[in-house]
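A short write-up of the structure that comes next.
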Amino acid sequence: MAVEIKYVVVRKGEEKMTFASKKEADAYDKMLDMAEVFCDWLSAAPLAMEEDQREALGMFLAEHKDAVQHIVRTSKMPEAATEGTASSATVSEEPESEAVSAGVDEENPSSAKAKGPRAVKAA
């Protein structure tokens with residue numbers, strides 16, 4: 001017979017979720033605490049919302065707390081931060097496109113029309 005340890009998150013007498021580790025259960029419990037605070041905060045807002053809408057929105061905000069924190073800190077969507085890395089890849093590709101527009105023969109790069117030294121970014 002095997003013995004299994006399960007961690008159950010209980011709220012207001014209702015089982016919300018079962019976890020295999022205490023760490024995961026504590027994290028989920030903390031998220032539920034945050035969702036409850038968001039719900040209470042939204043009830044004080046000058047918005048006409050049903051209670052289930054407030055609870056759903058509070059849960060959404062708690063589930064996406066990292067995105068909410070990023071937006072509050074930077075006033076930008078979190079996806080915009082990942083696009084910054086894509087633009088740096090585009091910058092590293094520019095020397096190739098400049099070489100083509102400058103008339104560089106790919107097989108003989110010394111045939112380029114000399115306009116002066118050009119800085120090339122190392123990959």
Side-chain angles (χ1 to χ4, degrees):
M1 177 183 232
V3 176
E4 290 183 26
I5 297 174
K6 294 184 180 180
Y7 298 90
V8 181
V9 177
V10 178
R11 286 288 171 132
K12 300 177 183 173
E14 180 184 334
E15 289 187 15
K16 293 293 186 176
M17 188 82 79
T18 303
F19 296 93
S21 77
K22 182 173 179 6
K23 183 178 177 181
E24 291 174 338
D26 286 340
Y28 187 75
D29 188 48
K30 186 177 178 180
M31 185 188 67
L32 291 177
D33 286 340
M34 190 181 311
E36 189 175 326
V37 171
F38 274 130
C39 184
D40 293 343
W41 179 64
L42 289 168
S43 67
L47 302 170
M49 296 176 85
E50 297 293 323
E51 178 146 358
D52 59 334
Q53 290 176 321
R54 281 195 309 270
E55 288 175 0
L57 183 55
M59 190 66 166
F60 177 81
L61 292 172
E63 288 172 348
H64 297 91
K65 74 174 186 152
D66 293 334
V68 171
Q69 288 173 341
H70 180 81
I71 292 168
V72 168
R73 279 194 314 268
T74 65
S75 297
K76 294 180 182 175
M77 292 295 288
E79 293 81 19
T82 59
E83 288 176 5
T85 58
S87 66
S88 65
T90 306
V91 171
S92 65
E93 294 173 3
E94 286 178 5
E96 292 175 11
S97 62
E98 288 176 6
V100 172
S101 66
V104 174
D105 183 6
E106 289 181 18
E107 293 175 12
N108 187 7
S110 63
S111 69
K113 299 175 188 172
K115 288 188 174 181
R118 193 171 5 149
V120 178
K121 210 176 205 182

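Everything numeric in this text was worked out from a predicted model, so none of it was measured.
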If you measure from [atom1] on [X] to [atom2] on [Y], what distance do you get to the nearest 0.5 Å?
{"X": "I71", "Y": "M77", "atom1": "CD1", "atom2": "CE", "result": "5.0 Å"}
{"X": "E51", "Y": "E55", "atom1": "CD", "atom2": "CD", "result": "4.5 Å"}
{"X": "L61", "Y": "W41", "atom1": "CG", "atom2": "CH2", "result": "7.5 Å"}
{"X": "M59", "Y": "M34", "atom1": "CE", "atom2": "CE", "result": "11.0 Å"}

Is [X] linked to [Y] within one hydrophobic cluster, defined over Ile, Leu, Val, Met, Phe, Trp and Tyr using a side-chain heavy-atom separation of less than 4.5 Å?
{"X": "M49", "Y": "F38", "answer": "yes"}
{"X": "L57", "Y": "V72", "answer": "yes"}
{"X": "M31", "Y": "L42", "answer": "no"}

* Taking all non-hydrogen atoms of both residues into account, name the closest pair between Y7 and A25 and its distance. => CB-CB, 3.7 Å

* Shortest non-hydrogen separation from A62 to A35 and the atoms involved -> CB-N, 3.6 Å

* Could you go through the side-chain contact (heavy atoms from CB on, under 4.5 Å) check for V10 and K16 one step at a time? => CA-CA 6 Å; V10 178; K16 293 293 186 176; over 6 Å; no

* **Identified side-chain contact (heavy atoms from CB on, under 4.5 Å) counterpart of H70 within the set D66, T74, V68** => T74

* Residues R11 and D33 bridged, charged N to O under 4.0 Å -> yes

* Do other residues, nucleotides or ligands put more than 12 heavy atoms under 6.0 Å from L47 CG? -> yes

